[in-house]
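For reference, the structure discussed in these notes is given below.
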Amino acid sequence: MAPATRSALRFFGPAEGADETLPFWRREPGRRQWLLIACASLGAMFGLWWFATREGGWVPQLFLPPPREVWDAFVRLWSRPYLGSSLGEHVGASLRIVAGGWLLAGAIGLPLGIAMGWWKRVRWIAFPVFQLLRPVPPLAWIPLAILWLGIGDSARIFVVFIAAIVPWVLNSMQAVYSIDNLLVRAATTLGASDMQVLTRVVCRTALPTLVAGARIALGNAWTTLVAAELLAASAGLGYIAVNASRTLEVGILLVAMAIIGVLGALFSIGMQLLTRWVAPWAAAGAQS
Amino acid sequence: MEIRGVSKTFHARGGQTAALERCDLAVAKGEFVSVVGPSGCGKSTLMMIAAGLEAPTSGDVLVDGRPAGPAGPKRTVVFQRFALFPSETVAQNIGFGLRVAGTPRAECEQRIGELLRLMGLERFRDAFPHELSGGMQQRVAIARAMAVRPEILLMDEPFGALDAQTRTVLQEEVSRLQRELHYTVLFITHSVEEAVYLSDRVVVMSRGPGRILREIAIPRDAAWRGLDIEQAGEHAGFMQVKREIWELLRGEIVRH
Amino acid sequence: MEIRGVSKTFHARGGQTAALERCDLAVAKGEFVSVVGPSGCGKSTLMMIAAGLEAPTSGDVLVDGRPAGPAGPKRTVVFQRFALFPSETVAQNIGFGLRVAGTPRAECEQRIGELLRLMGLERFRDAFPHELSGGMQQRVAIARAMAVRPEILLMDEPFGALDAQTRTVLQEEVSRLQRELHYTVLFITHSVEEAVYLSDRVVVMSRGPGRILREIAIPRDAAWRGLDIEQAGEHAGFMQVKREIWELLRGEIVRH
Amino acid sequence: MATPVESPQRPPRPLHEATLWGACALGVLLLAWWVATAIPGLVPPRVLPSPPDVVARFGSLLAEPFSGATLVGHAAVSLQRWGLGVFGALALGLPLGIALAWLPPLRAVVTPVFELLRYIPPFAWVPIAVLWFGASTVTQALIVFIAAFPACIINTQLAVAQVDTILVRAARMLGTRSMTTLGRVVLPVAAPTVFTGVRIAFGNGWMALVGAELVVGKQGLGFLISQGQINDSAATILVGMISIGVLGVLIDAALQRLQRLALPWQPPPARPLE
Amino acid sequence: QAQGAAPVKMVAISQSNEGGFPLWLAKKLNYFANNGLDVTIKYFPNGGAALASGAAGDWQGGWIGSPPAITGWAKFGLTPVGTMMKEDRNIKLIMRKDAIKGSSPAQVLATGKIGSVPNSTWSQVLFACAKHFKVDPTKMKVVPLEPPVTRQSLRSGEVAAGTTDSSPDIDLVNDKANFEVVCDGAIAGTSVIDPWIVTKKFATENPAAAAAFVEAGFRASELIMKDREKAVAMLLDYYKDAGIDGDEKKARYTLAYRDYQTLDQALADARQGATEKALTETAQVFVAGGAYDKVPDLKGAVAAGLPILEAAKKLRK
Ligand SMILES: Nc1ncnc2c1ncn2[C@@H]1O[C@H](COP(=O)(O)OP(=O)(O)OP(=O)(O)O)[C@@H](O)[C@H]1O
Ligand SMILES: Nc1ncnc2c1ncn2[C@@H]1O[C@H](COP(=O)(O)OP(=O)(O)OP(=O)(O)O)[C@@H](O)[C@H]1O
Ligand SMILES: [Mg+2]
Ligand SMILES: [Mg+2]
């Protein structure tokens, strides 16, 4: 698994046992210090934003509206329908597409990936196909998706699906493939059949890595959303973003971006909590 | 169990490695046989073949006079690196072999309870492996291997990864188990002392492509049986056997 | 070197762990002192503090009567996990401390060559660590620590990760080096045998928050000095010291 | 792996066999495509052109300019934008990643802001990037940058942070100063993971570029695809997709080779994928 | 004019469709150069992207659809300087024959799915047509689709009706067996315009150049309207330059449906309020669609452009 996917949670955790023989700039701040610095840093960012965009500031308000205006745009989105739907409906439309594509990709990609990790013939056959598929950006599929699937939800789901299937498959494959062979052998000598080894040992042991793959897939799916909603959508966060940008409603555009970002972060955190829930043994031991 | 004329050659990327050359070894019921030999001589390979986890290039493995077939619960293995299932609790690890065999729940529970008691692990029943110390993990691995009542227990340097003191404690425990339960054990180790202390017979292997160099029987009724390992180590008889094996080995150890 | 009233408390996520409690320990010039103690008693912590790599919660580390200051080439460490720089060759690893000190190239080369010869590593001069066996890696680590001519050599279970036979070979080599070169060494180990075989003095630590339990001097001129470890182990004097320490330790080991 | 017992008679030649199977699978796919488009009425060429059509389109795009450039020209434009963005991400991400791992207080300052922004998809930045920088190469490079930067910085930071502290301690006890430790010990050890990050970053950047080109620009492979859509030419769309895919593979392969050349001391992978 | 002096550099925006023909032609025929301008044409796939780029200061003038023109005016004072082209007849409502069969266009509008670009002149025409057929526009099932996708969906039958732009959809419009054009802007009585534009900055800093730009642009339009044969020949060249698939048939056809305006027509429309009315109708569609909360001050927009238009007229004399 790519380390790029390491968590926000990890980022925020203070390291244990600060090494006192190091100078302070090399020493891990304690949890309270961390919080303090983080707040100060965020405060400074907002302060800078406000300062730069005030009347006669360095940045024209058309390019970057001041915080106050973005907040107003949020209130406006929140309180009244925009482009024919309320904010909840827009978010719901986006979630539906992403969930559809991601789950569909998982339903196919997870078993396929596991099979590819476990049976080398399956891997030999399917891996090259994914090697070819991987470097083609999901966005490049949009025109073909319309040609093939028309203008319903299915085309959008397809684009999200394409974005999600690659990590589902490849990470699941890697997860199963890299299981310590010793565990397989131990299970075999205890009398487990091939299928039992796969289901009871390999899949369970690989669970944290499998969930990590699912998380990457969800991230990819979410990333593709905005683009997918260029495509015949009549509601959705991406649809808001595109329309707001066409009408230069920068405030609304920023709010849409922020909502997309926050939801993306929530998904990531949610998937990590899921790991802890389904694989309690992995949370403390294996990773740290 | 009998290993007859077993050779093994690995085809690695670069070329071939002969790991074993015509090895013969028999382990009688209830016997504790140790194998010592220099690093890389093929001890682990021999064990894997004995367990049915690796196929010999030539030769046979027989159990009760018949070909042993693929790996299964008749010959369970305790590995150096414990190889516990990280996603299962101690009790689940121990019961694994029983569950996959479809043993009724009640019987499983009872056997697990028995083994937990035997190994002094009752308090850690629901702990995950990563929450245990190395010594305890290896105890779980031994219990897991014993749970399915194998005909022969194969142990590949089970104490190699433990620190000296934990090792001593476990050595004494295995010795006690053996005296009480009369398991058939094939035991691989680097430590001559350990081999002498635990075994009925010590097999010394040569380096290079491993061959059986010598077998040294150790009487069941030796004076130091039943003592703890430190005390046993000071017995003259013990020391003599140890020295004998050591001399054999020393010739085989390549410096570097 | 002197460790004076050193205590150490770790502040971990959950709370505090007292690792060391008022430890006093002096190592004279040219002396070889071993520390044994149950697992987790704080031996490594003591060593890190001695090396200046960890700060004590209270107490001092003195070298030649003055505070030792931060870590530096006066006190070099050999770690259990070798800790070789993977991106440097054997020669570069050994020469690392010299180069960062700005030693002239010719002198570096000469010293590296000397150490390679001393350790029997000439053939592996340009190998990368991952291409070496564990025993060879530890030899490189020892050579690297010796290259900067430290006033004191700190070794934290240097042979813990090696197999029994390689360990024996290295133990004898360290013993020989010590007899020839008279290094000042603070040596941590789990193996009582090793401690007795190598040291002038063995320090036994208690479990829990580690304290110094007892110091046992071993005469320089004991009869078994100069023998190999297996032979030495059969000497009555050796066995007696070993038993004495063992009894002390046994009280400290918790059986789970 | 499925059967732990391997037959001794057949020495494994995994690479050879694997290639054969893979080639077969791809061949079957290609054949299926061809057959599907060859049977009249099954799949209209408007929806899926036949392989020869695509090859022909390839040829014509290579030979004649389309919207002012041949296929090679479009690819060059895309590569240029990509290169700009990706190297920007490297130039900023690598040093910053190292600094974040080496200087924990700095990490406390940067992380919250970074975390706040990193979950916004690169594509969502397109409108605002156009607003800020116009419809220029800078905008497209910025999108590439946004896509590539997180992978760069996160992996670099992790790579440096994950370096075994015992190595740092080993260096310190040999008398090394902080910066020397960083340069001589930590960075070489971190390099493989950093490389992984760079590879991911390059890939992400390449993916995002197409998105940026779909929306703004008059040249580039992404433009080729969107213009293919406007012109109702599925063959053009496919040529664009295939070119992007092939270039993506080439970029990654080149990087992997570079990694092997640059880090000769790396131990071989414990279990290479076969 | 400023003969001998260095030409004024400017970047003009366009889109790669027939709307951009006059601008391209004016450059090709050196009208700009003769007016002392050095014009670079920059193409955008849609007005939205062009606008954002304009806010960033990428360009000084050009032409644009009326929706982005309105947004540009409201957001950064982008000035519409007279109507370049009327698209009343160009934008059509087309329906599938099988949908109309046994039914009526009104019924199809009321019950079928209709593809159209949201918040655009396409929607404007669609809503006007709905009124024309006495269908409640708020009850229509409009699927927001970009033009190429509308085309594909009409073909595949996923929508029963859709708005089209004549030239790329020439196949549909001429496929009389399967499709029927039921309405267009002219029939529905709404006016769809594409104005010439200059940025506020350019208009205030260099009004003479702005006027020169507009004058040259209109001259090209007038040529297209006057000499059809030459225009067709030139349009084929333009197709090649802009990467549009097209042949003579398409060129001829498309010119027949687009009303490029003369300077005098534009001046008259601006003075008499026709331009403002057309823009207002577009803006009302926005308000109905929820993109705008209210119609911006379009009278001001036309008034801002008028002096430049008049200056251009003066250049003619
Ligand atoms: N899967 C394999 N492929 C290729 N060569 C192998 C394989 N397994 C073992 N070998 C080689 O076979 C020889 C014997 O290895 P084996 O692991 O059996 O030795 P060992 O006696 O167990 O060593 P140690 O005491 O270090 O555990 C070695 O030279 C090793 O490199
Ligand atoms: N960085 C740290 N943070 C928190 N607690 C620590 C840290 N390092 C060590 N400890 C704790 O301090 C105690 C002593 O640890 P130390 O590693 O010194 O023991 P040790 O004697 O070296 O053990 P072993 O023989 O297993 O190596 C242990 O309880 C350990 O959990
Ligand atoms: Mg082995
Ligand atoms: Mg320790």
Side-chain angles (χ1 to χ4, degrees), chain A residues 2-4 6 8 11-12 15 24-29 33-34 37-38 41-42 45 63 118-121 124-129 131-132 135-141 143-144 147-148 177-178 184-185 188 194 222-227 241-242 245 250 253-254 257 260-262 264-265 268, chain D residues 1-4 17-18 21-22 25-26 29 46-47 102-105 108-113 115-117 119-124 127-128 131-132 150-151 154-155 158-159 178 193 196-197 200 203 206-207 210-211 214 222 225-226 228-229 234 237 240-241 244-245 248-249 252 271 273-274:
Chain A
R6 281 304 182 86
F11 260 70
F12 281 116
F24 80 90
W25 62 83
R26 292 263 354 253
R27 231 183 281 166
E28 193 71 36
Q33 282 167 300
W34 232 98
I37 299 177
S41 163
L42 284 177
M45 190 192 86
F63 284 16
W118 188 241
W119 289 289
K120 63 184 174 200
R121 290 246 151 65
W124 289 346
I125 291 171
F127 192 47
V129 178
Q131 292 275 57
L132 280 191
V136 180
L139 303 197
W141 286 90
L144 282 189
L147 278 176
W148 293 348
Y177 185 79
S178 53
V184 176
R185 294 188 149 186
T188 312
D194 224 39
W222 191 243
T223 301
T224 320
L225 172 77
V226 182
V242 169
S245 75
V250 184
L253 172 62
L254 287 177
M257 284 169 68
I260 291 171
V262 167
S268 180
Chain D
M1 184 158 172
T3 39
E17 219 177 315
W21 281 89
L26 293 179
L29 271 186
R46 210 170 43 75
V47 170
W102 201 242
L103 309 171
V109 172
V110 174
T111 302
V113 177
E115 288 292 323
L116 202 66
L117 297 179
Y119 288 100
I120 300 174
F123 194 78
I128 208 125
L131 192 63
W132 289 347
I154 293 175
N155 280 283
L158 273 176
S178 184
T193 311
T196 308
I200 297 172
W206 189 241
M207 300 254 174
V210 177
L214 283 177
I225 290 175
S226 68
Q229 182 185 20
I237 296 173
M241 286 175 69
I244 288 166
V249 169
D252 196 55
R271 192 169 169 226
L273 198 68
E274 55 178 51

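Note that the coordinates shown come from a computational prediction; the quantities given were computed from them, not determined experimentally. Here is the naming used below: chain letters follow the sequence lines, and residue numbers restart at 1 for every chain.
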Winner by heavy-atom pair count (cut-off under 4.5 Å) against chain A, out of Ala25(D), Pro105(D), Gly248(D), Gly203(D): Pro105(D)

Could you tell me which portion of Ile237(D) (side chain, backbone, both or neither) has an atom closer than 4.5 angstrom to a non-hydrogen atom of chain A? side chain

Between Val47(D) and Leu144(A) the two heavy atoms that sit nearest each other are O-CD2, 4.5 Å

Is the shortest heavy-atom distance from the side chain of Met207(D) to the side chain of Leu139(A) under 4.5 Å? no

With a 4.5 angstrom heavy-atom cut-off, which part of Leu26(D) approaches chain A: side chain, backbone, both or neither? side chain

With respect to chain D, which residue among Ala265(A), Ala241(A), Gly264(A) yields the maximal number of heavy-atom pairs within a distance under 4.5 Å? Ala265(A)

Mind checking what makes side-chain hydrogen bond (donor to acceptor under 3.5 Å, both in side chains) contact with Gln131(A), not counting sequence neighbours? Arg134(A)

Determine whether Thr111(D) and Trp34(A) satisfy the following criterion, side-chain contact (heavy atoms from CB on, under 4.5 Å), listing intermediate values before the conclusion. CA-CA 10 Å; Thr111(D) 302; Trp34(A) 232 98; 3.8 Å; yes

Part of Phe127(A) lying under 4.5 Å from any heavy atom of chain D: side chain

Polar side-chain atom of Trp21(D) near backbone of Arg121(A) as donor-acceptor pair, under 3.5 Å: no

What pair of heavy atoms forms the shortest contact from Leu42(A) to Pro112(D), and how long is it? CG-CB, 3.8 Å

Looking only at atom types and distance, does a side-chain atom of Arg26(A) sit under 3.5 Å from a main-chain N or O of Trp102(D), one as donor and one as acceptor? yes

Against chain D, label Val250(A) side chain, backbone, both or neither, depending on which of its atoms sit under 4.5 Å from a heavy atom there. side chain

Under 4.5 Å heavy-atom distance to chain D, tell me which part of Leu225(A) shows up: side chain, backbone, both or neither. neither

Which atoms of Met45(A) come close to chain D, meaning under 4.5 Å heavy atom to heavy atom: side chain ones, backbone ones, both, or neither? side chain

Within a strict 4.5 Å, meaning less than it, do heavy atoms of the Pro121(D) and Thr224(A) side chains meet? no

Between Ser245(A) (side chain only) and Pro127(D) (backbone N and O only), is there a donor and an acceptor less than 3.5 Å apart? no

Give me the atom names and distance for the closest heavy-atom approach of Gly22(D) to Pro128(A). CA-CG, 3.5 Å

Considering only heavy atoms from C-beta outward, does the side chain of Val262(A) approach that of Tyr119(D) to under 4.5 Å? no

Honestly, the part of Ser226(D) sitting under 4.5 Å from a heavy atom of chain A is neither

Can you check whether Glu17(D)'s main-chain N or O pairs, donor with acceptor, with Trp124(A)'s side chain at less than 3.5 Å? no

Heavy-atom cut-off 4.5 Å, strictly under: side chain, backbone, both or neither for Leu117(D) against chain A? neither

Among Leu29(D), Asp252(D), Val110(D), Ile128(D), single out the residue with the greatest number of heavy-atom pairs under 4.5 Å to chain A. Ile128(D)

For the residue pair Ile225(D) and Pro143(A), what are the closest heavy atoms and their distance? CG2-CG, 3.4 Å

Measuring from Leu103(D):CG to Phe24(A):CZ, what's the distance to the nearest 0.5 Å? 9.5 Å

Please flag which part of Leu253(A) lies under 4.5 Å from any non-hydrogen atom of chain D: side chain, backbone, both or neither. side chain

